[in-house]
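Let me begin by presenting the structure, written as structure tokens, before commenting on it.
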Amino acid sequence: MTTDRIADVSTGTDTTDAGRDSADSTAEYAESRDTTEGRIYHVSGGDWDDVLEDAQHDERIVINMGPQHPSTHGVLRLVLELEGETVTQLRSVIGYLHTGIEKNCEYRTWTQGVTFVTRMDYLSPLFNELGYCLGVEKLLGIQAPRRAELIRVMLCEINRIGSHLVYIATGGMELGATTAMTFGFREREEVLHLLEYLTGLRMNHAFIRPGGVAQDLPTDWKEKVSEFVKVMDERLPLYDKLFTGQPIWRNRLKGVGYLPVDACLALGVTGPVLRSAGLPWDLRKIQPYSRYDEFEFDVPTSTEADCWGRYLCRVEEMHQSLRIIRQCLKMIEPGPVMVEDRKVAWPAQLSISSDGMGNSLEHVRKIMGQSMESLIHHFKLVTEGFKVPSGQVYSTVESPRGELGFHLVSDGGTRPMRVHVREPSFVNLQSLPAMSEGGLVADVIAAVASVDPVMGGVDR
């Protein structure tokens, strides 16, 4: 019988006796409108209504911070329950920037996947590319040439400095230090200019490819990188003058967002947040990749386990990155930047035209001037891609926010069967309630800034 059904599937209407609160039993739950793509329903409420219901008959107040808020590092929504100025409950709500990158990778070739993953954590795109390519190379059973691996290390450390500069710039601005923003973004421009000169793009480079890198560095790259290191050596001490020795900055961060090492381990937190609690966990030292075991550098730690400790760790990490870049200048020697295996590498080495866009005439002539078989092979590699043996792999790198892992599954075809990313921003967000509950609402801003989440990675 119709009355026995829980809901009418055609209208979404509750048809039970308990659900009939009006004479019109066909009334729909939500307003709708018909579009060219089908019927669209307008639904409101959700967790917001639940929280309000919990807070009734109480002196608590529930507010939204975000998803449109200058202090939540993108489209992050925090539902705060307050008693006066004290936070009694915090819940983070995500999903406003969902891009479906992992699923998109499964419909592209292995090489094309690089152009998707580089857009996840958009402040550290080169780390996304490196982690993904290391996984593909493990499945292929190949290793990039030494020059390519050292170029990858140098680019990632330049990128790490740029990411930490944004942390200082945005975190400082959110806490009222507007000079921090102008300083931080001034230095980040130096980073982006250099990366554009070396790779062709300021962000979302797609420069690191399975088997090596897309092309060799410009002939005068050493001079440009040396100049960058010199500039940063002069400017980084300014941050100590502006922040480290300043009592207002210290008082805003000290004792705020406390998260001890046992809580970090229980929540899976990695990166500067974990190292600020005293554990020197850095994959570059623990599980070296891309020849990091050949470099001399220190892993900065602190025992503060608060926003102040995380700030100190990140500032020192920038100095250590400069130390690694200096070693790269000495270690990078002439050689190939892509594997010799022509089942993976394109027959003609990519080179960019003088206007910075498209292929150079030399590149086109080389492809067209070789044999017809070589041209066909090049065409098939670009359009269809190479086949990767069946299997699965998990590859990790140490991104500016912590352990960035890629789980790749191949069924033997020219595109991934499954791609799943262990994104540090996503995991580290679990720590916000533990950092913020019991503190003041103003300290929530400092706690979020100290985690340094990037919502492109969270909602990948």
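Computed from a predicted model, the values in this text were never measured in an experiment.
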Around atom [atom1] of [X], are there more than 12 heavy atoms from other residues, nucleotides or ligands closer than 6.0 Å?
| X | atom1 | result |
| --- | --- | --- |
| Glu223 | CD | yes |
| Glu189 | CD | yes |
| Lys387 | NZ | no |
| Tyr394 | OH | yes |
| Ile248 | CD1 | no |

Compare every heavy atom of [Y] with every heavy atom of [X], then report the nearest pair and how far apart it is.
| X | Y | result |
| --- | --- | --- |
| Leu140 | Phe386 | CD1-CE1, 3.8 Å |
| Val153 | Ile324 | CG1-CG2, 3.8 Å |
| Cys156 | Leu126 | SG-O, 4.0 Å |
| Glu137 | Gly211 | OE2-N, 2.8 Å |
| Val62 | Val79 | CG1-CG1, 3.8 Å |
| Ala169 | Gly184 | CB-CA, 3.8 Å |

If only atom types and distance count, is the side chain of [X] paired as donor or acceptor with the main-chain N or O of [Y] below 3.5 Å?
| X | Y | value |
| --- | --- | --- |
| Ser410 | Val388 | yes |
| Ser321 | Ile161 | no |
| Asn159 | Leu155 | no |
| Arg310 | Pro272 | no |
| Arg119 | Thr115 | yes |
| His69 | Ser71 | yes |
| Glu129 | Phe207 | yes |
| Arg275 | Trp281 | yes |
| Ser436 | Pro433 | no |
| Gln246 | Lys241 | no |

**Report entry** Worked verdict on Met435 versus Asp443 for side-chain contact (heavy atoms from CB on, under 4.5 Å)
**Finding:** CA-CA 9 Å; Met435 287 183 184; Asp443 292 336; over 6 Å; no
Does any non-hydrogen side-chain atom of [Y] lie less than 4.5 Å from one of [X]?
| X | Y | answer |
| --- | --- | --- |
| Arg284 | Phe295 | no |
| Gln320 | Pro300 | yes |
| Pro416 | Leu408 | no |
| Arg91 | Leu78 | no |
| Arg202 | His193 | yes |
| His164 | Pro400 | yes |
| Ile168 | Val315 | yes |
| Val421 | Glu102 | yes |

Check: [X]/[Y] side-chain N/O donor and acceptor closer than 3.5 Å:
| X | Y | answer |
| --- | --- | --- |
| Gln392 | His407 | yes |
| Arg160 | Ser399 | no |
| Glu157 | Tyr292 | yes |
| Thr88 | Glu81 | yes |
| Asp121 | Ser124 | yes |
| Asn64 | Arg77 | yes |

In chain order, what residues pass the side chain to side chain contact (heavy atoms under 4.5 Å, CB included) check against [X], with sequence neighbours excluded?
| X | value |
| --- | --- |
| Tyr167 | Tyr311, Arg314, Asp452 |
| Met203 | Tyr122, Arg188, Leu192 |
| Tyr197 | Pro218, Asp220, Lys224 |

Could you give the distance from [atom1] ([X]) to [atom2] ([Y]), rounded to the nearest 0.5 Å?
| X | Y | atom1 | atom2 | result |
| --- | --- | --- | --- | --- |
| Leu139 | Leu134 | CG | CG | 11.5 Å |
| Asp459 | Met120 | CG | CE | 12.0 Å |
| Arg418 | Cys105 | CZ | SG | 12.5 Å |
| Glu316 | Thr301 | CD | OG1 | 10.0 Å |
| Glu196 | Leu201 | CD | CG | 7.5 Å |
| Leu274 | Leu267 | CG | CG | 11.0 Å |

Can you tell whether the side chains of [X] and [Y] come within less than 4.0 Å, N to carboxylate O?
| X | Y | answer |
| --- | --- | --- |
| Asp293 | Lys285 | no |
| Glu149 | Arg146 | no |
| Lys330 | Glu294 | no |

Query - side-chain hydrogen bond (donor to acceptor under 3.5 Å, both in side chains) between Arg326 and Ser226, worked out - result: CA-CA 8 Å; Arg326 286 191 205 97; Ser226 299; over 6 Å; no
Requested in this report: Tell me, with the steps shown, if Leu253 and Asp306 meet side-chain contact (heavy atoms from CB on, under 4.5 Å).
Outcome: CA-CA 7 Å; Leu253 299 185; Asp306 57 7; over 6 Å; no
Requested in this report: May I have the step-by-step check of side-chain contact (heavy atoms from CB on, under 4.5 Å) for Ile445 and Leu175, ending in yes or no?
Outcome: CA-CA 7 Å; Ile445 306 297; Leu175 296 176; 4.2 Å; yes
Query - Working for side-chain contact (heavy atoms from CB on, under 4.5 Å), residues Glu398 and Tyr289 - result: CA-CA 10 Å; Glu398 185 68 34; Tyr289 55 90; 3.9 Å; yes
Requested in this report: Show your reasoning for whether salt bridge (charged side-chain N to carboxylate O under 4.0 Å, His left out) applies to Arg235 and Glu190.
Outcome: CA-CA 11 Å; Arg235 293 185 181 177; Glu190 300 286 347; 3.5 Å; yes
Requested in this report: Just say parallel, tilted or perpendicular for the rings of Phe243 and Tyr239, cut-offs at 30° and 60°.
Outcome: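 Plane angle under 30°, so parallel.
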Report task. From the options Ile332, Leu198, Thr199, Ile208, select the one residue that forms a side chain to side chain contact (heavy atoms under 4.5 Å, CB included) with Ile151. Result ->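 In the set Ile332, Leu198, Thr199, Ile208, the residue that makes a side chain to side chain contact (heavy atoms under 4.5 Å, CB included) with Ile151 is Ile332.
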